[in-house]
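Okay, so here's the structure we're looking at.
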Amino acid sequence: MTEAGFFDANALISVLTTEPLGRALDYRAPEGGCFLGAFVEVPLGPRRVLGVVWGAGEGGFDLAKVRPVTRVLDAAPMGDAMRAFLTRAAEYTLTPMPAMLRLATRAPGLADPPGPRRVYRKGWAEPDRMTDARARVLDILDEYGGAAFTLGELAGLAGVSSSVVKGLVKLGVVAEEEAARDLPYPALDPDLPGKPLAEDQARAAGQLRGGIAAQRYGTTLLKGVTGSGKTEVYLEAVAECLRQGRQALVLLPEIALTAEFLTRVEDRFGAMPGEWHSGVTQTERRRLWRMAGEGGVSLVVGARSALFLPFRDLGLVVVDEEHDTSYKQEDGVLYNARDMAVLRASLADAQVVLASATPSLESWSNAEAGKYARIDLTSRFGVAEMPELSVIDMRNEALEQNRWISPTLARAVSARIAAGEQALLFLNRRGYAPVTICRACGHQIGCDHCDARMVEHRFLKRLVCHQCGETKPMPAACPSCRAENRLAPVGPGVERLAEEVAARFPEARVAVLSSDLFSSARALKDAIRAIAEGGADIIIGTQLVAKGHNFPLLTLVGVIDADLGLQGSDLRAAERTFQLMRQVSGRAGRSDRPGVAMLQSHQPDHPVIRAIVSGDEDAFWRAEAAEREAAGMPPFGRLAGIILSAPDAQTVFDIGGELARRDAPLRKIGAQVFGPAPAPVARIRGRHRVRLLVKAAKGVALQPALAEWVAQIRLPANLRLAIDIDPQSFY
Ligand code: ADP
Ligand code: ZN
């Protein structure tokens, strides 16, 4: 290899592929040579597979048998920082490198040859007549805004044949263009005037700008109540990053939020950023992936997997709502995007901003320990004030059977409606009723494939398993005792609450916001916009509404069951309840009208409920931190979850037991192993599940010990073993 990282033709190189092999393979550099980090196609047996030039070859084989690289792909080579990131992330999460590379190459058509191609967009004409198929094409064009599609992609998304699209092209309803492949994104202008900042905002922005200008690694926790202007402030950090000519990434937890955010970016910088999440077309994904590598996009807004884009020169990662559980990927490669953002930035001399009104205990204590800088925005911007919080003691409220809104809360709701304002009733349970029971025999309807009760969804007219998604119609007779018409719902979900609301407030316009009630991200966005514009008097919502949406008319939040999250033995139950309740309460009174939040609780003296109401957040964190520290729990100790699953219960217990017995590699580092125990959800999709939990002190080398421990055991083919480092959920 030359100093510039170039391999001449026929040089022996090592190529990491996306195939599940134990290691990188040796090849010969192609005619014309290739750069270190180049994306290549290599022969593997009879196939050709995607790979990245990872270094010099190992050698030790018959050189004549080493095959040459088939071709070098038309993409910028992966940089050193990115390769280092993938390696370290793989070590941390105990993920094989090929799986890591697959995460980093999730863009379709990477191997397609360069050159112009045909793309399809929304045209200028209206169709002469409308058919179902045509309407579906128009819906897709609308849903994705001005995005470009390939013919197959547009037809596929709309579920029509390509001749329907072609027909619309003839009419000018769909425009067909020759696009030069993958254009760069329009430049953002950091020097357009931003909003004039309030004093504390300006100070915060200045501090963040300083970090960016230094072009060194650093992480800052930006803590501020909802509405304090965190977004406004971190956009100034983005501006500084753009001025430095480096790329910025903003991670958001919820797709539904991006529309609002994109508009803010456009207002601030005069153009749209690149967008990366599951709702983006394949064509745009490919374009963004390539432009990230070439430097043709300066700001990307995306979901957690955007962290694995091959940025050429990443200067800033913002993790908004950093406490949000959706940053943890819970299947496939188990990683926490918040932690990986810090890792990636540290390898790229970049800054991280973790923004939240209710930070995770991890980030809070990293700031306490001085590892992260901390900036607090303590007041809401302008006249908006934090809502006043109070508890409704449900032990003193008279409730009829199958009613969940207390008289006190009902009065408050009526008063808001009378004043022309909005009320939000929060219940974190989708569907109609969480349990369906037979009144004759007591049988509860469960899922056939999982160890879970099925949830009635009345809008869908079906029972749904929230574990595996299996649905079935509501049976007429009890599946156990065959009694007819004796099945009854128990407990409320949002749909049932909506029934109560309709009965109690017949005049009110009611909107239910629950993720399963919307067929697309677009439909949800529309509903949220309509509510924000005053299209409902009462909003009934699940945790979907807790996240960032702005409802200016909303002045009352009623939490139907504040105790819900406190049940169960989850390590983070208190933390999560605290965060969720504070977030939801923060929805009230975002503009000039003050808000109130009322929490219905049967245990108003519970320390968590008291902490929520008192508003002394640091006191809550300190108490929670002290408890975890005493127990050696994260973030003061380390955990790893092992999940074994197989179609047969005996196998999982046998292997689990063997792992527990052969714990010498763990004992060497002073770690303990607990279990095996049946997982709380002991069966999912017909697979039996067993968990083990490894607990270690903070400073030890946990991952190598785990790898050595697991490697001792030969796993049967039908058994799956997943290792979850720093588990967030324990289901
Ligand atoms: P957060 O991200 O902390 O919830 P935002 O940045 O979204 O807060 O700000 C809340 C609202 O206040 C937004 O509508 C925003 O435009 C507005 N706002 C915040 N700071 C300013 C400012 N300095 N000038 C004008 N409007 C502001
Ligand atoms: Zn199921």
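In listed order, ligands and their atoms are each counted from 1. Residue numbers count from 1 along this sequence.
Contact analysis puts Val225 in contact with ligand 1, with a non-hydrogen atom separation below 4.0 angstrom.
The backbone and the side chain of Glu232 each have at least one atom closer than 4.0 Å to an atom of ligand 1 (non-hydrogen atoms only). When non-hydrogen atoms are compared, ligand 1 lies under 4.0 Å from the backbone of Pro196 (N, CA, C, O) but not from its side chain.
Against a heavy-atom cut-off of under 4.0 Å, Gly229 is close to the following atoms of ligand 1: 1 (P), 3 (O), 5 (P), 6 (O), 8 (O), 9 (O), 19 (C). The atoms of ligand 1 that sit less than 4.0 Å from any heavy atom of Leu197 are 23 (N).
Residue contacts with ligand 1: Gly224 is placed with no nitrogen or oxygen under 3.5 Å of a nitrogen or oxygen of the ligand (distance criterion only).
When only modelled atom types and interatomic distance are considered, Asn336 and Tyr92 share no side-chain donor-acceptor pair under 3.5 Å. In the model, Ser363 has a side-chain atom that pairs as donor or acceptor with a side-chain atom of Glu322 under 3.5 Å.
For atom 6 (O) of ligand 1, the nearest non-hydrogen atom from the set Glu321, Glu199, Arg264, Arg268 comes from Arg264.
By the 6.0 Å and 45° rule, Arg246 does not stack over the aromatic ring of Phe311.
Applying the side-chain hydrogen bond (donor to acceptor under 3.5 Å, both in side chains) test to every pair with at least one member in residues 410-419, sequence neighbours left out, gives these pairs: Arg416-Glu421, Arg416-Thr555. The salt bridge (Lys or Arg N to Asp or Glu O under 4.0 Å) pairs that include a residue from residues 220-235 are Lys195-Glu232, Lys223-Glu617, Glu232-Arg264, where partners are two or more places apart or lie in different chains.
Salt bridge absent: Arg338 and Asp324 never bring a charged side-chain N and a carboxylate O closer than 4.0 Å.
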